[in-house]
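Notes follow once the structure below has been shown.
The sequence lines fix the lettering, A, B, ..., with proteins before strands; numbering per chain opens at 1.
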Amino acid sequence: MSTVIEIAILVLAGFVGFEVISKIPNTLHTPLMSGTNAIHGIVLLGALLLMPLASGVFEQALLVVAITFGTINIIGGFFVTDRMLEMFKRKPEKPQHEQAAASTDGGKPEQ
Amino acid sequence: MSTVIEIAILVLAGFVGFEVISKIPNTLHTPLMSGTNAIHGIVLLGALLLMPLASGVFEQALLVVAITFGTINIIGGFFVTDRMLEMFKRKPEKPQHEQAAASTDGGKPEQ
Amino acid sequence: MAAFAAISPNVINGLYIVAFALFIFGLHNLTGPRTAVRGNQIAAVGMAIAVVATLLRPHIFHGSATPWLIALGLVLGTAIGIPAALRVRMTAMPQMVAIFNGVGGGAVAIIAWVEYRHHYGGSFSLKAEIPSLLAAIIGSISFWGSNIAFAKLQELLPGRPLKLPGQVVINLALLVVCVGSLIVLASGVHSQGLFILGILVAAAVLGNMIVLPIGGADMPVVISLLNAFTGLSAAITGIALNNIAMIVAGMLVGASGSILTNLMAKAMNRSVPAIVAGGFGGAVAAPAVGAQTGGTVRSTSAQDVAIQLSYARQVVIAPGYGMAVAQAQHAVRELERALESKGVEVKFAIHPVAGRMPGHMNVLLAEADVPYDLLREMDEINPEFSRTDVTLVIGANDVTNPAAKNEPGSPIYGMPILEVDKSGAVVVLKRSMASGFAGIDNPLFYEDKTSMLFGDAKQSVSDITAEVGAL
Amino acid sequence: MAAFAAISPNVINGLYIVAFALFIFGLHNLTGPRTAVRGNQIAAVGMAIAVVATLLRPHIFHGSATPWLIALGLVLGTAIGIPAALRVRMTAMPQMVAIFNGVGGGAVAIIAWVEYRHHYGGSFSLKAEIPSLLAAIIGSISFWGSNIAFAKLQELLPGRPLKLPGQVVINLALLVVCVGSLIVLASGVHSQGLFILGILVAAAVLGNMIVLPIGGADMPVVISLLNAFTGLSAAITGIALNNIAMIVAGMLVGASGSILTNLMAKAMNRSVPAIVAGGFGGAVAAPAVGAQTGGTVRSTSAQDVAIQLSYARQVVIAPGYGMAVAQAQHAVRELERALESKGVEVKFAIHPVAGRMPGHMNVLLAEADVPYDLLREMDEINPEFSRTDVTLVIGANDVTNPAAKNEPGSPIYGMPILEVDKSGAVVVLKRSMASGFAGIDNPLFYEDKTSMLFGDAKQSVSDITAEVGAL
Ligand SMILES: NC(=O)c1ccc[n+]([C@@H]2O[C@H](COP(=O)([O-])OP(=O)(O)OC[C@H]3O[C@@H](n4cnc5c(N)ncnc54)[C@H](OP(=O)(O)O)[C@@H]3O)[C@@H](O)[C@H]2O)c1
Ligand SMILES: NC(=O)c1ccc[n+]([C@@H]2O[C@H](COP(=O)([O-])OP(=O)(O)OC[C@H]3O[C@@H](n4cnc5c(N)ncnc54)[C@H](OP(=O)(O)O)[C@@H]3O)[C@@H](O)[C@H]2O)c1
């Protein structure tokens, strides 16, 4: 892949990123941050790709750490986000009245 | 550029296209249609690229037509869009009150 | 041209990136009323950059004739495009867009054809061949479809749906021919150019067949759809030619165009499938005059209307397609002045889909210099009708039809309307009891508070103005 | 591993495309409350596909140890990540995100380092070297910055800004070191690994220096910013490694992250530059207790409050950061029950930025099983205050500060607030007259209708509940 093409892809991805975040409710800020955070766990791929090329124990050790870090970023990120979003199962945003009803049943009973 | 990469770019561009069109006022439908219409005049590039490779008068003639078409698409498209958008100089959308004032001055005087 | 030969493909691709970034940024701005004008200009700059970048390409001017042929094409295109764009009447915009879209599709088809001829005899890699043939198909469908759309809107062809028996079968057959020849070609039969012509012709006929049966009023949606098609075909051509600018720009239009098509259909509460189905010989998309629900209709005279209006405190004018047909906007402006000189407060109620294109009424009234602070969007004006003495409905029908609120059975049920029936009295100016675009009867006309002034809108309005002056 | 060797890079890139398409689609869904949960899952699937695709790569398992080392890393990461994610208290989420973000940045830095060591001695093409060094810088800034953010939120470090004299100079110096060594390295000095270490260390210190001086309450914004950084560095690493999935995913986060950072800053009406400037030793981002504007403050007792509340028709509870600090949510839930049993109507007024993270109050009250139909968004509840007899402000301050409406000079002027001062009476539960996050005095406390109940929120609330029960 030539650098120019990679830049082209970079630019396009950037635009997607800008456009995709429109007006969002405040309560979604933290989950959204945490969700995007999980996505940059993609760096794991880099660590995986380098492992077979690693020469010597030191590099291998470094890469094991990198893989561990990347995995934590991914797994942790997605799980945490999912937990944060639980609250939308219990208290949906105002606009979604129809769903409010739905999730009452879903939500655990207020004894 | 390998086909896969081209597809990747295609996909990204597609997403940008989807995301960029959010809720827009009815009065902007036609100008927006005409604006995007002008953009696909980009086919002109194809005709230009083939011209030097054309063999024989027939292909050359075809390509001159293609170039003409492409140019009409571009030039006509952008000009027409610009004219349609004139009306926003005179009557801006409700949300933009501050600008309403501004464009009163700009707009041509009633009679 | 030696100077050009120096430029590296990276520079050119770099310029392409700048170009499509500008397209995207321009599109983004085009979606907001305040930024739209600038957005269009930004996109235009992007296009200029893309074209220049292409002309900087090494060997682009290879061959003695090439520079002249390119120049010729560019000059011709400009010479035709600019005056066309500047002369067209605002209200003829949709067909203009149709034409511009059509030529775009045509260019794609031609490019594919040349591509094919040129690689004739087999040097053609599948990677380039399949996309370029696909582009050929979509391109020429779009070309011919757009021309029909133009012809219908321009009334060179009757606006009403034109159908053959067995439409569906024919269309499917044509599709098969297209795809069939594509496969044959791709599978390596390069012996002769027949198939490519087969593709182009079949696609051409298909383009006609799809659009002919669609009612004239659905054209804005159809044009938008074909616009998306052309975009897609441009992107595919880009793949065949390895050109990133074409891929991105084309796909941008393909994607945003299809979203836009949906929005437009929703705005005039139609569904895209239904419209195209019309084209495929399915559900009829076009008006069929509805059965008159009977009831008494009160007809009135210009003089009576003049009196009604002159002694009103607030009058709301609700214009519709009929005002456009009658080109009555200037007469209406006169009436508004006359009434205001009598101290009557006049406002205009603009329904988002009044007329036949979005913003149709805004354009007409702007053309007639109606001060824009008299124009009211539907949501603004609806609460005001209760405080309105007389509402003057000028050539509007569907957008005032209470059935949209009251009759769940009605085809336009659910479409938001101008609630003119809430005002003290309603005067409707139209030529007959005929129905409008939706082809359904309008209960409003039979209400007691409603009186009809039959005749051409322009004539009726000037009559009223005269009477108002005479009072 | 022979089986894998068969898979063509095209297939893998194809899977990458599917993966990032899912990322985008997931992100899109994450922006809507109804679709957010699904969105997150979709993105997770995308990630799984990307990882598997990478493991399908030929030679990825080349070398006897490789498979085990890879497995080891994956297992370790999972073993650490899952419990961490599942155990963390909802209210500790921001620091958790900070850590996860940090390790991401750390991974980038390590990758760059190994990249460099590995290409050691010059086989390194600039095309790969410059990006990977850039990634090293950004990555380790993000790593250390995130750790500091974590430490501050976790109160391992004091939340207040920590500054050295000449902060700015030092930071700039460090930046110079980073960029300097980058240039040196790029210019081909491969003699020894010192420079790369220089880069990593300098960047590390820089990361610390930037975040240390920022006030604890700004951390959510800072974390979001660092999150965007990590994304960017991931994209750059992707360029160095020619990996399209990394490029797209990283850039997605880089772009959307920066937009999000702005939105968050706006929501708590701060500006990103101002916050970071704090980090660069400029404008202080953190609270400084404002001068008390004096005026008489009426202090009250739990019993009086209990009586006030019991005989009210409607009571609104406005919780804030103090409730979080005191972990008073369960006590509050008790009080709400007690009051309802007395036939008092209780509602909760949720300000969008009450507490220290968006949705902070929602999380706490959800945790305490407060029925969500008692929770009211700011816009819903504000009109209701006039119909409210008593408003109970529990550890909230800024979000109730009328200065935001009345005093153009005030630092929080323009921030929408809970208009508690419109209600019949206001009772404020806090420990002292100290100011809140914004570090400014609150005129509300000096109004005649306001009485203060000093003490830890949890204690005060249970006292009130007891008294209510006793009535
Ligand atoms: N705005 C858009 O983008 C768009 C696009 C496509 C379709 N549509 C649809 O078009 C319709 C627009 O509603 P509308 O109320 O504006 O128009 P309409 O419902 O089509 O009614 C127009 C009326 O004007 C009358 N008329 C025609 N020529 C006239 C003349 N010379 N003088 C006086 N009256 C004349 C016709 O009645 P007579 O024949 O009795 O005179 C007709 O009933 C909606 O159904 C909308 O969905 C809108
Ligand atoms: N939500 C977010 O995303 C976010 C993020 C960052 C910053 N912020 C900012 O944080 C502020 C939030 O406003 P807020 O009204 O919720 O909180 P606040 O303005 O920070 O006030 C909290 C109050 O709670 C009191 N308090 C602290 N511990 C307490 C305890 N144990 N018992 C009783 N009271 C206690 C404190 O007064 P005493 O010390 O006298 O008790 C303090 O005045 C806003 O300025 C917002 O911009 C919000």
Side-chain angles (χ1 to χ4, degrees), chain A residues 1 3 6 9-10 13-14 16-18 20-21 24 26-27 29-30 32-37 39-43 45-53 59-60 62-64 66-82 85 87-88 90-94 96 99 110, chain D residues 23 27-28 30-31 33-34 36-37 40 44 47 54 62-63 66 69-70 73-74 76-78 80-81 84-85 96-97 100-101 103-104 106-108 110-111 114 127 224 227 230-231 234 237 239 241-242 246-249 251-253 255-257 259 264 267 352 357-359 362 366 371-372:
Chain A
M1 215 173 3
T3 316
E6 290 178 325
I9 293 173
L10 208 62
V16 178
F18 282 126
V20 81
I21 306 291
I24 55 170
N26 280 308
T27 39
H29 287 168
T30 316
L32 190 57
M33 166 167 77
S34 152
T36 53
N37 171 41
I39 290 178
H40 66 48
I42 194 81
V43 290
L45 270 54
L48 294 175
L49 292 172
L50 286 183
M51 188 54 98
L53 311 175
E59 286 188 11
Q60 292 182 321
L62 282 179
L63 286 175
V64 170
I67 294 178
T68 313
F69 278 4
T71 315
I72 295 178
N73 188 172
I74 294 173
I75 304 272
F78 282 118
F79 271 95
V80 156
T81 312
D82 192 65
L85 291 171
M87 73 173 145
F88 290 102
R90 301 193 76 255
K91 182 189 179 311
E93 286 302 294
K94 271 213 317 307
Q96 285 70 38
Q99 190 229 25
E110 339 292 349
Chain D
F23 291 152
L27 263 182
H28 182 96
L30 259 173
T31 58
R34 271 153 90 200
V37 177
N40 184 51
M47 187 59 76
T54 312
H62 164 85
T66 313
L69 294 172
I70 289 179
L74 293 175
L76 273 179
T78 317
I80 301 172
M96 206 67 229
V97 176
F100 292 151
N101 180 54
V103 291
V108 169
I110 296 177
I111 291 168
V114 174
K127 186 229 179 227
S224 171
N227 179 41
T230 314
T237 313
I239 290 186
L241 298 177
N242 267 304
M246 290 176 75
I247 297 177
V248 174
M251 193 60 201
L252 265 180
V253 178
S256 57
I259 301 279
M264 289 177 76
M357 67 173 199
N362 308 65
Y372 62 74

Subject >> chain A interface, residue from D:Pro352, D:Gly106, D:Ala44, D:Ser224 that has the most non-hydrogen pairs under 4.5 Å >> reply: D:Ala44
Original post:
Pick from D:Asn227, D:Val253, D:Ile247: which one has the most heavy-atom pairs with chain A under 4.5 Å?
Top reply: D:Asn227
Original post:
Considering only heavy atoms, which portion of D:Ala84 lies under 4.5 Å from any heavy atom of chain A: side chain, backbone, both, or neither?
Top reply: neither
Subject >> Separation between CD of A:Glu59 and CD1 of D:Ile110, rounded to the nearest 0.5 Å >> reply: 12.0 Å
Original post:
Looking at A:Leu48, A:Asn37, A:Leu53, A:Val43, which one has more heavy-atom pairs under 4.5 Å with chain D than the rest?
Top reply: A:Asn37
Original post:
Where does A:Ile74 contact chain D at under 4.5 Å (heavy atoms): side chain, backbone, both or neither?
Top reply: side chain
Original post:
Taking all non-hydrogen atoms of both residues, which atom of D:Ala249 and which atom of A:Ile39 are closest, and how far apart?
Top reply: CB-CG2, 4.0 Å
Original post:
Got a sec, which residues hit side chain to side chain contact (heavy atoms under 4.5 Å, CB included) with D:Ile80, two or more places apart in sequence or on another chain?
Top reply: A:Thr68, A:Ile72
**OP:** Against chain A, label D:Thr31 side chain, backbone, both or neither, depending on which of its atoms sit under 4.5 Å from a heavy atom there.
**Re:** both
Original post:
What pair of heavy atoms forms the shortest contact from D:Val97 to A:Ser34, and how long is it?
Top reply: CG2-CB, 3.7 Å
Original post:
Considering residues at least two apart in sequence or located in another chain, which fulfil the side chain to side chain contact (heavy atoms under 4.5 Å, CB included) criterion with A:Gln60?
Top reply: A:Ala54, D:Ala65, D:Leu69
Subject >> Residue pair D:Leu241, A:Leu50: steps toward the side chain to side chain contact (heavy atoms under 4.5 Å, CB included) verdict >> reply: CA-CA 9 Å; D:Leu241 298 177; A:Leu50 286 183; 4.2 Å; yes
Original post:
Between A:Thr71, A:Leu49, A:Thr30, A:Val64, which has the largest tally of heavy atom pairs under 4.5 Å with chain D?
Top reply: A:Thr71
Subject >> Selection from A:Gly46, A:Gly35, A:Pro52 maximising heavy-atom pairs under 4.5 Å formed with chain D >> reply: A:Pro52
Original post:
Looking at A:Leu63, A:Leu62, A:Leu45, A:Ile75, which makes the most heavy-atom pairs under 4.5 Å with chain D?
Top reply: A:Leu45
**OP:** Carefully, step by step, assess A:Thr81 and A:Met33 under the rule side chain to side chain contact (heavy atoms under 4.5 Å, CB included).
**Re:** CA-CA 9 Å; A:Thr81 312; A:Met33 166 167 77; over 6 Å; no
**OP:** Please round to the nearest 0.5 Å and tell me the distance separating atom CG of A:Leu10 and atom OG1 of A:Thr3.
**Re:** 11.5 Å
Original post:
Where does D:Met47 contact chain A at under 4.5 Å (heavy atoms): side chain, backbone, both or neither?
Top reply: side chain
**OP:** Identify which of D:Thr237, D:Thr66, D:Asn101 forms the greatest number of heavy-atom pairs closer than 4.5 Å to chain A.
**Re:** D:Asn101
Original post:
Where on D:Met96 is there a heavy atom nearer than 4.5 Å to chain A: the side chain, the backbone, both, or neither?
Top reply: side chain
Subject >> Minimum side-chain heavy-atom gap A:Val20-D:Ile259 below 4.5 Å >> reply: no
Subject >> Residue selection (most heavy-atom pairs with chain A, distance under 4.5 Å) from D:Leu74, D:Val108, D:Leu27 >> reply: D:Leu74
Original post:
Among D:Leu252, D:Val248, D:Thr78, D:Asn242, which has the most heavy-atom pairs under 4.5 Å with chain A?
Top reply: D:Asn242
